[in-house]
Amino acid sequence: MRVIIDGIEVDVEPNSTLYQLSKKSRKRDVLIAKINGKLYDLSRAVGDIAKEGDVIEFLTFDDKEGKEVFWHSTSHLLAAAVKKLYPDALPTIGPPIDEGFYYDFYNLKIGDSDLPKLEEEVKKLVKDDVKFERIELTKEQAREMFKDNKFKLEIIEESNEALSAYRDGPYVDLCRGPHIPSSGYIKAVKLLKLSGSYWRGDSKRETLTRIYGISFPKESLLKEYLQILEERKRRDHKVIGKELELFMFTEISPGSPFILPDGFVVYNELLQYARELDKKHGYMEVMTPFIGRTELWKKTGHLEKYRENMYEVVPFSDENDKYVLKPMNCPFHIAIFNAKTRSYRDLPFKLSEFGIVHRYELEGTLDGLLRTRVLQQNDAHVFVSEEQIEDIVSEIIEMMNETFRLFDMKPIFVLATRPEKRIGSDELWDKAENALRNVLEKIGVNFTVKEGDGAFYGPKIDVYVLDFTGKPEYAYAVSTVQLDFNLAGLLGAKYMGKDDREHVPIIIHRAILGSIGRFMGIVLEHTAGNLPLWLTPIQVVILPVSKKYEDFANSIAGKMRERNIRVTIDGSESTLEYRIRNARLKRIPYIIVVGEKEMNEGTLTVRVRGQKDLIKTEIEKFVEKIEYKIHSRSMDLSLN
RNA sequence: GCCGCCGUAGCUCAGCUCGGUAGAGCGCCGGCCUCGUAAGCCGGUGGUCGUGGGUUCAAACCCCACCGGCGGCUCCA
């Protein structure tokens, strides 16, 4: 028969295996074959699955699906290893994930210290180069084979396709396949961590023990991966924040950051940036209360839908006078809108607030500044008519883009469309979704669509920012713009239209930086603590070589302070080397050493963060240059 | 909330397996050095071992509960 490999037609024996065929491909280290969109084991005979003229594609570890199969096969080895050391454990499922694989077991009680033993067992299987053997099963046979495993039985009963199992060495697992030909392809394995999980992700069902791992066809790839993990730790904003004394946490208020003096400099700069941006686009800033009567939140539906995330506030002296600590600002902004009779001439009505909101997040989800129980939002609500949606959203997306450019961040836009359960007419949803889509297309940003992921009250665009790995799965959620057809009506917001009739405005919720604190955490990770000049708590440090030069240092510092440059002098009684080291560890952008030479010449010798060579410059020039850099919020520190 | 790990000096961590009066480095304080680009030398200071209970003649160490932190709990054989 004839099939197509690498775009070339070849003659093949129908009973030759795909493995034999793969030798005709240019690709090496082939793991599986893809025919008509389906993946097959290389041990299969061509004639059994391919038709005359079919395209046969061979996949390797470099292909996404190849990787998945590779990792999935490794998870089977893990299951085999667990079965050997803990015969009473029941394997459930073991899929590949974005980075590696996991396998969930029932009735397995182990700790981190047991992982090395398991890893050894997996490595033994790898060394034995066990074959993955496919076994086709009828439902009846499958039931019999897995009669002791209620989880597998559940899967069997739900299935209506042909069933199969795979044998790798002593272990047989129900599996759709395909698999890599044998375990010898795996050259490096690492079991990474342990966690709990639930059968089918359902907290009402059995608790399982999940083992995470990863594997590679080359030892060097594992090394690279472990380096990425190291880098993630190195960039962890919690670690950096502690090192630089930017913020802290204590159990006296779990999940709520204490922003320290240096951190508050950064925080305030971000706040000021966001404030300027809003002002530039005609937002009116307001401040509203922290608490509101419980009735309000009942009316908005929060009490019902958002209850588990809210705090109740009750005065000790009258426990019947109940309030809710606001988790959002929107109802209060509507109150401001409602305080006067509004007309179409007032629209778009733009209110912004750096409102501090409290949300009771589950203990296990807290994560430094990235997930807290108190946050200051870069929040705004725009009250618009239907026709205005597109313009306003467009403006908001531009504001976001301006921000991402400033921080050199790469955004991902995600359009979330109507969910099953929703309010509002289909016409309105059509209009709103189209408006969002049009804006994204007009501005020319790449975006993906998540069908059905919108809120019940309207569609939205969520914006994520890639982290240093560039993997979308690890992107930070940053900005959002959401259309809301619901809330204005619930709280009685209306305006008089040109037609002399009352209309209910549509509310656009939006956040650019998201939350200020959270954004600070993201910037810290994004820059690995090397904050842009305008954000650094100390922009310049001057180190006099010895006490003799302190006056000179003071005079320079004075000139800088006049220009609002944040400068300190470290004239402490330690060696120059020691003080330089400290300044570097603090990631201060400019470290200036002054001594005899500089005093005589009126120059500065500057050590620029991230640069090897020392720069010699005149005082005035230096001050002017960095003053400009600070004001323009430049990312570039270079003085040339 | 659930699973696993962790909590010892201001910070990073050792000590816990095998119970017997608490250690290191950094920091901080003092002294010497007066210094030219990533840690100068010497001395000192510093701990209710997360909290509470239990076992024991004796608990940082063993057991239980609680508090807090970290990783995970969406990826369907």
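Proteins get letters first, then strands, A, B, ... in listed order; numbering begins at 1 in each.
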Using a heavy-atom cut-off of under 4.0 Å over every strand shown, decide if [X] touches base, sugar-phosphate, or nothing.
X: I156(A); value: nothing
X: S197(A); value: sugar-phosphate
X: R200(A); value: base

Exercise for the section: Compare the minimum distances between each of rA38(B), rG71(B), rA39(B) and the side chain of Y578(A), then state the nucleotide with the smallest one. Expected result: rA39(B)
Practice task
Can you figure out which of rG72(B), rG1(B), rG36(B) approaches the side chain of S195(A) most closely?
Solution key: rG72(B)
Problem - Pair R232(A) + E99(A), salt bridge at N-O below 4.0 Å - result: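 Yes.
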Practice task
Give none if rC28(B) has no partner; otherwise give the nucleotide forming a Watson-Crick or G-U wobble pair with it, both distances under 3.5 Å.
Solution key: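 Partner of rC28(B): rG44(B).
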Under-4.0 Å side-chain N/O to phosphate OP1/OP2 contact, [X] with [N]:
X: Y212(A); N: rC73(B); value: yes
X: K204(A); N: rC2(B); value: no
X: K238(A); N: rG71(B); value: yes
X: R607(A); N: rA38(B); value: yes
X: Y102(A); N: rC75(B); value: yes

Practice task
Please say which of V540(A), L604(A), V567(A) ends up in a side-chain contact (heavy atoms from CB on, under 4.5 Å) with Y590(A).
Solution key: V540(A)
Handout entry: Rounded distance in Å between the P positions of rC32(B) and rG68(B)
Key = 49 Å
